[in-house]
Amino acid sequence: MMKKFLLPIILGTLLFGFWFSRDFQEIAAGVAIFLFGMLMLEDGFRQFSGGALEKVLDTSTDTVPKSLGFGFAAATVLQSSSLVSVITISFLSAGLIKLIAGLGIMFGADVGTTTGAWLVAGFGLKVKISAYAMPMLAFSIVLVFQKSKYVRGAGFVLAGLGFLFLGIHYMKEGFDAFKEQFDLTRYAMTGFQGLIVYTLIGSIATVVMQSSHATMVLVITAMAAGQVSYENAIALVIGANIGTTITAILASLTANFQGKRLALAHVIFKVVTATVCLLLIGQLVPAVDWISRTVGIADDDYALKLAVFHTMFNVIGVSIMVPLMGRMIVFLERTIPEPEPDVSKPRYLSAAVDEFPMTMEVAMRNEVKHLQDNATELIAHGLNLHRHALFETDDIAETVASSTEPLEFDIDEKYESRIKTLYSAIVDFATRAGGRKLPSEITEHIYSLMDSAQLTVHAVKAVKHMRRNATEFTRYPHGIVTDLYNGLRTEIARILVEMHKLDAADPNLRSSLWLDEERLQIAHDRKHTTKVIEGLIREGKINAAAATSFMTDSGYAYDAMDDLIEAARVYYIETEGGLAEVERFLQLDDEDVEEMASDNSGRQQDLSDEDRNVTTLGEHPQ
C-alpha cells in the first residue's frame, strides 16, 4: 500500500522540480547516476559470490570480534552496508551462521560504511573526480563483455565506481549552480525542532533511495555548496542511519524467523543510537570539534567534520549494543519465536537464500536432509517400527521381530504432506538455481542433491507398496513367511541405522566403503531370492500365493534399499566428500556391481535349509 502511493509522489516531485529548475535536474541526475553506480558495484561483487566472500564469511564469524571485523571490512570494500545486510540475512536464513554472528556482522558493517563519507568529504569534494570517472567507464565496458565471470565482475565494479564518481560530480555541480537561484538555507531550522524535522527528512530520503550512503553523499555535497547548515546536516545524518534499516526490513520479508530477528535487531540498534545521539547532541558536537582539531581537520571543513560525526554515531551505537547482545538475543527470541516445526513445509528454501550461490547450495542440502528425516520416519512407521528404538538397540533383528503391533496412520496422507510437498519445493528450487548463472560446481551439487531427494522419495513409495503385506504377515506368526518378511524389515531397518550413523560421523572421515559393500550385498540377495523361494516351494514350506506376494514385496524392498544407499552416497559422499582412499568405490557402475555380485554369488554355497534361507534374506551380522 505504501509503495502504491509513494511512487506517484516521487514522480510528481521530480516533474515539479524539473519544471521549476534546470539545476534541480542536474542534482536529480547526479543522485540517479550515483544509485545506478551502487547497483553496478553490488552486481560486480555478486559475480564473485560462490567464492571468497562466502568462504570468508563462513570461517570468520565464530566470535563476536571476528564478526564485527568481517562486517567492517566487507562494508568498507563493498561500500554498501545494505548489500552486507542482504548477504547476512541470506546466510542466516540458510543456517550457515548463528544469530549472534549476524548481529556482529551487521554492527560492524554500519561502522565500515562510514568510510564512504570520509572518501567523499576528503577526496570527492576536493578533486575533480569526473576526470577519473570517464577512464573507469571506458575500461569497464571492455571488461564487462568478456566471457570470464570474474573479469565481468571486475568490469561491473569498475563501472560502479565510475558512476559513483560521476554522480558525486553532478550533485556537486548541481548544488553549486542551484544556490545562485535558490537559497535552501532559508529553510534551516535550529534547536530541538530542527533536529527532529531534519532527522525525519533524512529518514524519508533514505527510505526512498534505499541507500544511506546516497543520502550521506547528497547531504555532504549540499552542505559543501552552502545549501544545508551544519546543524541540519547532522540531523539528516541521524535520519539517514534510521532510514537505512528499510533494506534489512525488506530483505527479511522473504527470510525465515532468523532473518526477521536480524532485521528487528538492526532497527533497534539504529533507533536506540539515534535517540542517544539526539539527547546528547549538545555534548557530541563539541566532541566532534575536538576530534577534528586533534586529527588536523580545519574548523571550517564541515564536510569532514560531518564524516567524523557519522563515524562517531555508529561507534557509539556499537559500544552500546555489543555488551547487550546476549540480552538482545533473548529479547529477539521472545519477540519473534521460532515457529513450531511443520515437517510438511520447506524450512530453508526461502527467497532470501536465492541471492548467493553458497547459500543456495547449503539451503538445498539442509532441505534435502529435512526430507530424509521425514522419509526415515515414514519408512520406519511403514514397517511398524520406531526410529528411536532402532537407533538405540543393540540387536536390530530382535527389535524388528518384537515389533508386531501395526502403527495406525494413513501412509498415503503422510506421503502427500511430508514427502511430496517437500520434494516439489526441492525440484522448484533446483529449477530456479539452474536458471541462474551459478558456478558449475555449485549447480552440479544442487542437481545431485535433487537426485538424492528423488531416490529418497522412490524408497518411500516402495515401502508404501509393501506395507500391507508386511503388516499382515508379521502381526501374527505365519511361520517361514513371517521370518522372510522380518528379514526384509530388518535389512531396511539396518540401512536406516547405518545412514543415521553416517550422518553423525565426522564429514572428513566419511567413507563410501560401507555403502558400496552394502550395494553389492543387496544385488546378490536380490538375485538369490528367486532360488530361495523356489527351494521353499519345493520343500512345501511356503505356498504359491504367499511366495508370489513375497517375491513382489521383496522387489519393492530391494528397490527401497538400493535407493536409500544411492541417496546416502550422493548426499554424504559425492556432494560432501569422503576419504580419498575409497574414492574408487564411487565409480562403480551397475555392470561392475552385477559382475562382482555374480562372482560373490559363485563363491557362496547354495542355501537349502530353512535357517540359512532366512539368514540370507535378512539377518546379516550386526
Side-chain angles (χ1 to χ4, degrees), residues 60-82 84-85 88 97-118 121 195 199 202-203 206 212-213 215-216 233-245 247-248 261-295 297 304-333 335:
S60 303
T61 58
D62 52 341
T63 66
V64 172
K66 281 186 178 182
S67 300
L68 290 168
F70 176 84
F72 176 85
T76 300
V77 173
L78 302 179
Q79 280 301 295
S80 173
S81 61
S82 299
V84 177
S85 298
T88 306
I97 59 176
K98 296 181 179 179
L99 181 59
I100 191 168
L103 293 177
I105 293 170
M106 192 164 281
F107 294 163
D110 283 315
V111 178
T113 195
T114 63
T115 57
W118 284 94
L195 283 173
T199 296
S203 298
T206 304
S212 62
H213 195 33
T215 304
M216 280 296 304
I234 287 176
L236 288 169
V237 169
I238 296 175
N241 277 275
I242 297 174
T244 193
T245 59
T247 303
R261 286 173 177 174
L262 190 63
L264 177 59
H266 198 216
V267 173
I268 293 172
F269 168 66
K270 289 299 187 180
V271 171
V272 168
T273 307
T275 302
V276 170
C277 288
L278 286 172
L279 294 175
L280 300 178
I281 197 69
Q283 291 74 35
L284 293 181
V285 172
V288 169
D289 293 336
W290 178 81
I291 293 173
S292 299
R293 285 193 299 270
T294 302
V295 299
I297 297 174
L304 279 175
K305 290 170 75 171
L306 193 64
V308 172
F309 177 80
H310 189 210
T311 302
M312 181 183 291
F313 175 94
N314 284 286
V315 170
I316 288 173
V318 171
S319 301
I320 293 172
M321 302 309 298
V322 167
L324 301 175
M325 285 178 71
R327 294 183 179 181
M328 175 177 280
I329 289 176
V330 172
F331 171 77
L332 294 172
E333 290 174 346
T335 305

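What you find for Val64 and Val322 is that their closest heavy atoms are CG1-CG1, 4.4 Å. When every heavy atom of Ser203 is checked against every heavy atom of Gly239, the shortest pair comes out as OG-O, 2.9 Å. Minimum heavy-atom separation, Leu304 to Ile297: CB-CG2, 3.8 Å. Contact detail for Phe313 and Cys277: the closest heavy-atom pair is CD1-SG, 3.5 Å. Of all heavy-atom pairs between Ile100 and Met325, the closest is O-CE, 3.4 Å.
Between Phe269 and His266, the ring-plane angle classifies as parallel under the 30° and 60° cut-offs.
Remark: Ile329 CD1 to Leu99 CG distance equals 5.0 Å, nearest 0.5 Å.
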>> Checking Ile281 against Phe309 for the side-chain contact (heavy atoms from CB on, under 4.5 Å) test, could you report, in this order, the C-alpha distance in whole Å, the side-chain angles of both residues, the deciding distance, and whether it holds?
In response: CA-CA 10 Å; Ile281 197 69; Phe309 177 80; 4.1 Å; yes

>> Set out, in order, the CA-CA distance, both residues' side-chain angles and the distance that settles side-chain contact (heavy atoms from CB on, under 4.5 Å) for His310 and Val315, then state yes or no.
In response: CA-CA 9 Å; His310 189 210; Val315 170; over 6 Å; no

>> For Ile268 and Met321: C-alpha separation, side-chain torsions, deciding distance, then whether side-chain contact (heavy atoms from CB on, under 4.5 Å) applies.
In response: CA-CA 9 Å; Ile268 293 172; Met321 302 309 298; 4.2 Å; yes

>> Test side-chain contact (heavy atoms from CB on, under 4.5 Å) on Thr273 and Asn241; report intermediate values, then the result.
In response: CA-CA 9 Å; Thr273 307; Asn241 277 275; over 6 Å; no

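Contact of the Ile316 side chain with the Leu284 side chain is registered, since non-hydrogen atoms from C-beta on lie closer than 4.5 Å. The shortest distance between side-chain heavy atoms of Lys305 and Ile291 does not fall below 4.5 Å.
Thr199 pairs in a side-chain contact (heavy atoms from CB on, under 4.5 Å) with only one of the listed residues (Ile238, Ile234, Leu236), which is Ile238. Shown are Val272, Leu103, Leu264; of these, the side-chain contact (heavy atoms from CB on, under 4.5 Å) with Met328 is made only by Leu103.
Counting only distance, with no hydrogens or angles, the side chain of Ser67 and the backbone of Gly104 share no donor-acceptor pair below 3.5 Å.
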